[in-house]
Visitor: 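Handing you a structure now.
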There are 2 protein chains.
Amino acid sequence: MITTELLEKHGALKKMFAKNETIFGEGNLPSHYYQIVSGEVKMCNYNDDGREFIQGIFYKDQSFGEPPLFLNQNYPANAIAVEGSEVLILPKNNFMKLLEENPAVSIKIIEHLAQRLYYKSVMAVEISTQEPEHRILKLIDHGIVYFNFKKDENGHLINFTRQQIGDLTGLRVETVIRAIKSLEKKGVLKIIDRKVYR
Amino acid sequence: MITTELLEKHGALKKMFAKNETIFGEGNLPSHYYQIVSGEVKMCNYNDDGREFIQGIFYKDQSFGEPPLFLNQNYPANAIAVEGSEVLILPKNNFMKLLEENPAVSIKIIEHLAQRLYYKSVMAVEISTQEPEHRILKLIDHGIVYFNFKKDENGHLINFTRQQIGDLTGLRVETVIRAIKSLEKKGVLKIIDRKVYR
DNA sequence: ATTGTTTTATGATTTAAATCATAAAGTGGA
DNA sequence: TCCACTTTATGATTTAAATCATAAAACAAT
């Protein structure tokens, strides 16, 4: 999103996070801008009885956690490394200075927020009014466009576990498994070697 | 958000929409920036069997429908006047010119998008993992801060119908009515003359 | 004033997804 | 290679919210 050079010019540092390590926690006040160099980061919540909800999954070159940074509000969710991940971290003041000096970056930020909002709008209506199969298919089709699902001779490989699909759609893992089976029977996706293709 | 003078200087026109009139429809390509002068506008979806989901409700001075405008994507929801509403409308090209000439407006836009994203994140986890009473209370408490609920001697008047609360939380109106009754019994809110206070 | 529509309200019944239980297959680390 | 853990899988049971039915109160329009 923002080039490594520009970030480092303003004082960004690279930091390594191990698998399952927390980058920042729900309820904390933001102090830095975060951008992924390599790896995979999820933003998620846990409800009262430990149930997880994944707000989003972020990959190489994507930033995360900006909204509360701009609003001076506490983080509404946790950021956790899904796998070992390298992240560029820039203090808020430096980030704001970078923005002032580079108006084109503002537009990039607006576009990224708009993209996130678009996903949230689409999934909100799915989660609250549609049935499991519909929700899962919407998530998958969105993922094909916006996540980095690779295409081979079987179609796009949906690089999510059943549990992750559940945590992204508000469904239980058993429900996801059964819905995916049913979708396969209907011929709208393929299951090869337990992996889902669309 | 953006002053009327600045918008009109760039060619914005005021347009009146009647109650229940559609301002733009799901699936259409955005061509204008919209900002409310007076009245109330909802963004909403209808699923296959006509069930409504309200993405958000917007009031005086707020803009709506910017994300797809920036992304050149189709609107993911409808915009409908909840009551007779006056709206300032500015063609996209003029809006982009306005943005270029007024960098401070970019920051305003970022803040507005960040605020919307914050609400979406909070409600997404509620809708997908929390029980009805919890969801409704979260919506109400968010509304007290960000919607224009007036405070009097009974507390904040929650200016939503039970049906609207249901459409915002993904619950059926009967469930909302029962949950609100239960919350009143628990003493966390008041029902006076059928109106909800918190 | 009368009529039609919306909003709030309650009880009975249904149902879809969650929960519970159990297990096989796959994966990663010591 | 063995052990622990994760992921996928399936059947049985439970349950919370949706659905269905009905109605009173409130409000809006003529």
Side-chain angles (χ1 to χ4, degrees), chain A residues 18-20 40 42 47-54 80-84 126-137 139-140 157-185 189-197, chain B residues 18-20 40 42 47-54 80-84 126-137 139-140 157-185 189-197:
Chain A
K19 183 176 177 175
N20 293 327
E40 185 178 338
K42 69 177 172 184
N47 81 346
D48 311 324
D49 35 61
R51 184 166 174 193
E52 181 171 351
F53 175 74
I54 300 177
I80 297 173
V82 176
E83 55 188 49
E126 286 295 317
I127 287 171
S128 59
T129 73
Q130 300 288 15
E131 34 185 45
E133 291 181 24
H134 200 284
R135 291 193 216 181
I136 292 170
L137 217 49
L139 175 75
I140 286 175
L157 170 62
I158 309 308
N159 196 22
F160 286 148
T161 66
R162 312 287 195 271
Q163 183 64 62
Q164 284 179 319
I165 293 174
D167 293 342
L168 283 160
T169 54
L171 297 167
R172 287 302 196 178
V173 66
E174 298 96 324
T175 305
V176 173
I177 289 165
R178 286 184 252 252
I180 286 178
K181 283 266 160 85
S182 164
L183 286 168
E184 189 204 19
K185 254 189 204 128
L189 48 76
K190 283 182 242 175
I191 303 178
I192 299 166
D193 204 20
R194 297 175 141 210
K195 288 192 271 295
V196 178
Y197 292 88
Chain B
K19 184 176 176 175
N20 295 324
E40 186 180 337
K42 68 178 175 185
N47 82 346
D48 310 325
D49 35 63
R51 185 167 174 192
E52 180 170 352
F53 176 74
I54 300 178
I80 297 174
V82 176
E83 54 187 50
E126 287 294 318
I127 287 171
S128 58
T129 75
Q130 301 288 14
E131 35 186 44
E133 292 181 23
H134 200 285
R135 288 193 217 182
I136 292 171
L137 216 49
L139 175 74
I140 286 175
L157 169 63
I158 309 309
N159 197 23
F160 285 150
T161 66
R162 312 287 195 271
Q163 183 63 62
Q164 283 180 320
I165 292 173
D167 294 341
L168 283 158
T169 55
L171 296 167
R172 285 306 195 176
V173 65
E174 298 95 324
T175 305
V176 173
I177 288 166
R178 286 184 254 252
I180 286 178
K181 282 267 159 86
S182 164
L183 287 168
E184 188 204 18
K185 255 189 202 126
L189 49 75
K190 283 182 244 174
I191 304 178
I192 299 167
D193 204 19
R194 296 174 143 208
K195 289 192 270 294
V196 179
Y197 291 87

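Each chain gets a letter, A, B and so on, in the order its sequence line appears, and its residues count up from 1.
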Visitor: Between A:Lys19 and A:Glu40, is a salt bridge (Lys or Arg N to Asp or Glu O under 4.0 Å) present by the stated rule, with each step listed?
Guide: CA-CA 9 Å; A:Lys19 183 176 177 175; A:Glu40 185 178 338; over 6 Å; no

Visitor: Can you tell me how far CG of B:Leu171 sits from CD1 of B:Ile165, rounded to the nearest 0.5 angstrom?
Guide: 10.0 Å

Visitor: Thinking salt bridges, do B:Arg178 and B:Glu133 make one under a 4.0 Å N-O criterion?
Guide: no

Visitor: Using whole Å, what does the distance between atom P of nucleotide C:dA17 and atom CD1 of B:Ile127 come to?
Guide: 17 Å

Visitor: With rounding to the nearest 0.5 angstrom, report the CD to OG1 distance, A:Gln130 to A:Thr169.
Guide: 13.0 Å

Visitor: By nearest atom, which of the nucleotides D:dA17, C:dA18, D:dG11 is closest to the A:Arg178 side chain?
Guide: D:dG11

Visitor: Given axes from five pairs at either end, by how many degrees does the helix from C:dA1-D:dT30 to C:dA30-D:dT1 bend, rounded to 10°?
Guide: 60°

Visitor: Figure out the CD1/C1' separation between A:Ile192 and C:dA25, and round it to whole Å.
Guide: 18 Å

Visitor: Is there a side-chain contact between B:Phe53 and B:Ile127 (heavy atoms, below 4.5 Å)?
Guide: yes

Visitor: Just the rounded figure in Å: distance from P of C:dA9 to NZ of B:Lys195.
Guide: 12 Å

Visitor: How many Å lie between CG on A:Asp193 and P on C:dG26, as a whole number?
Guide: 7 Å

Visitor: At a heavy-atom distance below 4.0 Å, what parts of residues 164-175 of chain A sit against DNA chain C?
Guide: A:Gly170, A:Leu171, A:Arg172, A:Glu174, A:Thr175

Visitor: Taking CD in A:Glu83 as the centre, count heavy atoms belonging to other residues, nucleotides or ligands within less than 6.0 Å. Is the count above 12?
Guide: yes

Visitor: Does some side-chain heavy atom of A:Phe160 sit less than 4.5 Å from a side-chain heavy atom of A:Leu168?
Guide: yes

Visitor: Which whole-number value in Å describes the distance from A:Glu131 CD to C:dT15 P?
Guide: 15 Å

Visitor: Could you state the CD-C1' distance from B:Gln163 to C:dA9, rounded to the nearest angstrom?
Guide: 14 Å

Visitor: Nearest-Å distance, CG (B:Leu189) to C1' (C:dT8)?
Guide: 15 Å

Visitor: Indicate whether OP1 or OP2 belonging to C:dA9 is found under 4.0 Å from a side-chain N or O atom of B:Arg162.
Guide: yes

Visitor: What is the distance from atom CD of B:Glu126 to atom CG of B:Leu139, rounded to the nearest 0.5 Å?
Guide: 9.5 Å

Visitor: Please report the C-alpha distance between A:Lys195 and A:Leu157 in whole Å, then the side-chain angles of each, then the deciding distance to 0.1 Å, and finally whether the side chain to side chain contact (heavy atoms under 4.5 Å, CB included) criterion is met.
Guide: CA-CA 7 Å; A:Lys195 288 192 271 295; A:Leu157 170 62; 3.8 Å; yes

Visitor: According to a strict under-4.0 Å criterion, is A:Lys181 in side-chain N/O contact with OP1 or OP2 of D:dT10?
Guide: yes

Visitor: Send over the distance from B:Ile177 CD1 to C:dG11 P, rounded to a whole Å.
Guide: 12 Å

